[in-house]
Protein chains: 2
Amino acid sequence: MGKGQQTRQAILGQALVLSSECGLSGLSIGLLAEKSGMSKSGLFSHFGSKEELQLAVIREAQDRFAEVVVRPALKERRGLARLRAMVRNGIVWTQKINLPGGCPLMSAALEFDDQPGAVRDAVESSQRDWRRTLVNAVRIAMDVGELAADTDPEQVAFEIVGISLATQQGQRLLRDADAEQRAMRAFERLVRDYLAVPS
Amino acid sequence: MGKGQQTRQAILGQALVLSSECGLSGLSIGLLAEKSGMSKSGLFSHFGSKEELQLAVIREAQDRFAEVVVRPALKERRGLARLRAMVRNGIVWTQKINLPGGCPLMSAALEFDDQPGAVRDAVESSQRDWRRTLVNAVRIAMDVGELAADTDPEQVAFEIVGISLATQQGQRLLRDADAEQRAMRAFERLVRDYLAVPS
DNA sequence: TAAACTATAGCACGATCGTTCGTTTTGTCA
DNA sequence: TGACAAAACGAACGATCGTGCTATAGTTTA
């Protein structure tokens with residue numbers, strides 16, 4: 001990795017931290033340059049525009065999400081165990097990689113849903129990816145006979161996303177120490193409803 | 001209502017629209033003045049600071065929420081019917097009062113969870129109010145014997161908040177026409193789990 | 001080591017931000 | 001109608017925003 005790529009990665013690390021606290025639109029180039037210990041223009045030349053920077057931040061967040069949430073879960077047994085690992089990883093992943101302000105993609109989803117453009121498109125597709133991943137995991141759990149055959153995978157994914165959002169709000173806004181526990185309880189109740197009846 | 005209060009209300013109406021689209025921190029005084037058809041300084045003198053404006057917007061949103069979501073639900077029969085009305089009203093209320101960008105309090109909850117200050121405090125307390133209202137409604141449903149006696153009201157409120165958040169994301173970011181339907185299905189599944197067993 | 005290239009810094013730009021101040025218009029009431 | 005208060009305006013402030021341009025320092029390659 002050349003010098004350019006190296007500092008670019010360092011910048012993106014800082015950018016993730018900052019955007020987790022201030023949001024993707026609150027992320028300013030001046031402040032990011034200061035935190036990164038370089039000049040505004042020096043930093044700017046790595047991206048060419050603020051929009052390009054935001055897109056890079058989204059890609060970086062997606063990459064780390066895949067690395068920290070999805071990949072470890074794939075090591076779990078196919079079925080409910082894997083789905084459960086995804087949910088749990090999805091709830092704690094920002095703590096694990098030290099993002100002090102929670103998941104930037106979650107905030108961005110609310111920030112940009114009314115701002116047409118490339119950033120919105122990227123945020124949308126990242127959310128679709130995540131829901132699709134969840135749907136696949138649910139389908140596998142159906143295939144292995146752990147979830148009922150008439151389970152609606154999209155519905156399950158929808159509710160899991162809801163649990164994650166409520167958890168983030170509980171943890172960060174309400175400082176509720178029980179939020180994570182509530183989340184897992186909600187998840188267990190959810191899958192219990194769709195458990196396959198043993199024949 | 002004097003002239004001052006009158007224009008102040010008009011400004012707050014516009015501010016609600018704008019902040020539903022751009023967020024509470026993206027709400028700028030210059031743009032708001034333009035949309036309201038008055039000068040920046042004229043508008044500014046109604047509030048004295050941007051923070052004061054943001055607080056006023058939050059109060060206004062809370063008032064309308066109570067008026068459009070909570071109050072109509074109180075006309076429903078005590079119990080599940082009332083709780084269901086709250087959930088449904090909470091999902092459609094921004095359409096009903098023509099907020100094109102969804103619920104400003106929901107976005108603000110994600111925006112300000114890491115920004116200490118009066119605004120954060122107000123957002124937090126508005127969320128606590130809403131959860132408390134839900135908890136009360138659940139307790140009533142327990143009292144009238146429609147929900148089981150060992151129901152955890154806070155858990156139910158937590159999950160309802162999750163459903164609402166997932167619905168907003170589905171509707172606005174993913175443009176999913178089925179989001180509202182999914183929400184009600186999730187809610188019905190939720191209460192079915194806690195149904196009191198008829199003795 | 002010299003040349004070629006890349007990365008960073010410095011400076012300035014126009015725009016917009018929140019905010020202040022003094023003035024002018026508007027509304028209210030004796 | 002005239003006096004007084006309330007409301008709105010216009011201009012300007014310093015700060016910061018994103019974005020260019022040009023020069024210099026640093027790194028890589030011949």
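Every chain is numbered from 1, with letters handed out A, B, ... down the list of sequences.
- Atom P of nucleotide C:dT16 and atom CG of B:Leu31 are separated by 10 Å, given to the nearest angstrom.
- At a cut-off of 3.5 Å, with distance as the only test, a side-chain donor of A:Arg182 or B:Gln155 sits close to an acceptor on the other residue.
- Comparing D:dA8, C:dG18, D:dG18 by their nearest atom to the side chain of B:Phe44 picks out C:dG18.
- As judged by a 4.0 angstrom heavy-atom cut-off over every strand, B:Ser39 is placed among the base-contacting residues.
- Side-chain contact of B:Ser25 with B:Glu111: a donor-acceptor pair under 3.5 Å is present, judged by distance alone.
- Atom NE2 of B:His46 and atom C1' of C:dT26 are 12 Å apart (whole Å).
- If you take CD on A:Glu124 and CG on A:Asp113, they are separated by 10.0 Å, rounding to the nearest 0.5 Å.
- We find that CD of B:Glu52 is positioned 15 Å from C1' of C:dT19, with the value rounded to whole Å.
- Set against D:dT19, C:dA9, D:dA8, the side chain of A:Ser41 has C:dA9 as its closest nucleotide.
- Comparing B:Gly48 and A:Met38, the nucleotide of DNA chain C nearest to each residue sits closer to the 5' end for A:Met38.
- On a pure distance criterion of 3.5 Å, no polar donor-acceptor pair joins the side chain of A:Lys3 and the base of D:dG26.
- The base of D:dG10 has none of its N or O atoms less than 3.5 Å from a complementary donor or acceptor on the side chain of B:Lys40.
- Side chain of B:Ser28, nearest nucleotide from D:dG18, C:dT20, C:dC17: C:dC17.
- At whole-Å resolution of the value, CG in B:Leu32 and C1' in C:dG18 are 13 Å apart.
- Atom NZ in A:Lys50 sits about 15 Å away from atom P in D:dG20, given to the nearest Å.
- Under the 4.5 Å side-chain heavy-atom criterion for ILVMFWY residues, no single connected hydrophobic cluster contains both B:Leu74 and B:Val135.
- Rounded to the nearest 0.5 angstrom, B:Ile140 CD1 and B:Leu147 CG are separated by 11.5 Å.
- One can place CG of A:Leu43 at 12 Å from C1' of D:dG18, the figure rounded to the nearest angstrom.
- When heavy atoms are screened at a 4.0 angstrom cut-off, A:Ser49 is found touching the sugar-phosphate backbone but no base atom.
- Here C:dT28 presents its P atom at 13 Å from CD of B:Gln5, a figure rounded to the nearest Å.
- For B:Gln6 and D:dA7, the CD to C1' distance is 12 Å, given to the nearest whole Å.
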